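Since we're looking at a predicted model, the values are computed, not measured. Counting convention: from 1, in listed order, for ligands and their atoms alike.
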Amino acid sequence: MARHLITSALPYINGIKHLGNLVGSQLPADLYARYLRARGHEVMFICATDEHGTPAELAAAKTGEAVADYCARMHGVQTTLADGFGLSFDHYGRSSSDRNRALTQHFAGRLADQGYIREVVEKQVYSHADNRFLPDRYIEGTCPNCGYDKARGDQCENCTKQLDPTDLINPRSAISGSTDLEVRETKHLYLRQSALKGDIAAWIDGKADWPILTTSIARKWLNDGDGLQDRGITRDLDWGVPVKRGDADWPGMEGKVFYVWFDAPIEYIGATAEWADATGADDAAWRRWWRLDQGAEDVTYTQFMGKDNVPFHTLSFPATLIGSGEPWKMVDYIKSFNYLTYQGGQFSTSQGRGVFMDHALEILPADYWRWWLLSHAPESGDSEFTWENFQQSVNKDLADVLGNFVSRITKFCRAKFGEAVPEGPAWAPPNWP
Ligand SMILES: [Zn+2]
């Protein structure tokens with residue numbers, strides 16, 4: 001039997017996820033994990049809440065909670081909903097865990113030792129009205145790439161381009177809406193992704209079996225005009241993993257935290273270590289999934305994610321792993337998805353548009369949703385959720401076709417076997433090729 005490591009992209013902690021989030025990562029990952037387990041393989045299926053960065057701080061500010069309390073509460077809410085949808089994670093971790101903090105500081109130290117970190121005095125947007133720097137999502141404006149007027153300081157959700165706050169045209173504070181902004185200098189650490197471009201390109205070139213959606217996005221960011229740029233891995237925020245070089249302080253970086261894009265994917269490893277802690281296993285138990293020198297050489301690793309997450313998983317996280325100079329397990333296959341749209345428009349968490357996981361379970365049992373979403377998964381292009389299609393599909397395919405099939409079988413069994421289930425051999429995994 002083979003060993004399979006499966007990870008789903010980490011859902012942000014800020015609020016209930018919608019059906020588009022679910023079908024873009026967690027649900028197909030769950031299907032694959034269940035399939036492989038049914039085949040008798042050894043499976044480690046990992047997911048976690050992504051708890052750092054500005055979305056968590058902004059959401060906590062809205063509810064009036066301390067950000068740590070907000071994250072703890074929302075992790076509980078998301079865990080309950082994941083259980084409700086039957087998502088069979090071996091562990092559902094938290095990127096704010098002690099494990100992830102130690103691993104993130106470890107990787108930063110290794111990258112610095114290998115010469116892949118440089119210190120940069122960069123210009124950040126400072127808001128006079130808010131009395132603070134405005135990194136990432138604290139700032140909004142017009143995307144310089146596509147013209148979308150609600151682009152965030154870290155990424156344009158319309159064209160997926162990764163951005164820096166100073167790239168935005170007509171910037172404004174996401175906290176106060178103020179345009180009384182000033183560019184100030186602040187020191188940050190940059191990951192020298194450009195120095196790893198050759199290694200990453202060679203690695204992607206070896207993945208001929210990957211979906212075109214995955215490799216086309218990766219090659220676009222690897223080779224387009226601005227290509228693979230060095231990227232800041234630290235922020236002027238309070239909430240996050242404190243910047244350290246392994247166990248040691250990092251002179252000049254006091255009071256800063258790692259940028260969420262840097263620590264979030266490391267939580268795939270962190271959550272597996274959390275699984276070991278939660279089950280009373282030792283470090284060797286999680287390392288045999290992640291370290292090629294400690295048992296992971298026969299692991300097949302598959303990642304599931306929406307297309308907006310592909311750049312981080314094909315370029316940035318591999319840069320972290322390769323740059324560490326340590327034998328970490330790299331992903332073997334990235335399954336990426338297009339978007340599920342809602343009634344002709346986008347699902348939107350910020351605007352509350354679409355069907356959300358809690359609402360869905362109040363309407364119908366999870367299997368209706370699981371079946372519809374997986375049978376309409378946006379693989380070759382975007383697919384659309386409409387209530388009309390959902391109703392018709394459930395009535396026709398589930399009630400009529402499947403219901404009729406089950407009804408005929410049970411009637412046949414009742415007629416032929418006298419209402420008693422016949423004895424059979426013990427169940428064993430089928431010996432498929
Ligand atoms: Zn854009």
Which residues satisfy the salt bridge (charged side-chain N to carboxylate O under 4.0 Å, His left out) test with D30, sequence neighbours excluded? R34, R370
Could you grab the protein N, O or S atoms closer than 2.8 Å to the Zn ion (ligand 1) for me? C143 SG, C146 SG, C156 SG, C159 SG
Pick from R231, E122, R118: which one makes a side chain to side chain donor-acceptor pair (under 3.5 Å) with Y190? E122
Using side chain to side chain donor-acceptor pair (under 3.5 Å) as the criterion, list what pairs up with W261, not counting sequence neighbours. none
Quick one: ring-ring contact (aromatic ring centres under 6.0 Å, His included) pairs with a partner in residues 4-32, sequence neighbours left out? H4-H41, H18-F347, H18-F356, Y32-F304
Closer than 3.5 angstrom, by distance alone: can the side chain of E274 be matched with the main-chain N or O of R94 as a donor-acceptor pair? yes
Centroid separation under 6.0 Å, is that true for the rings of W290 and Y301? yes
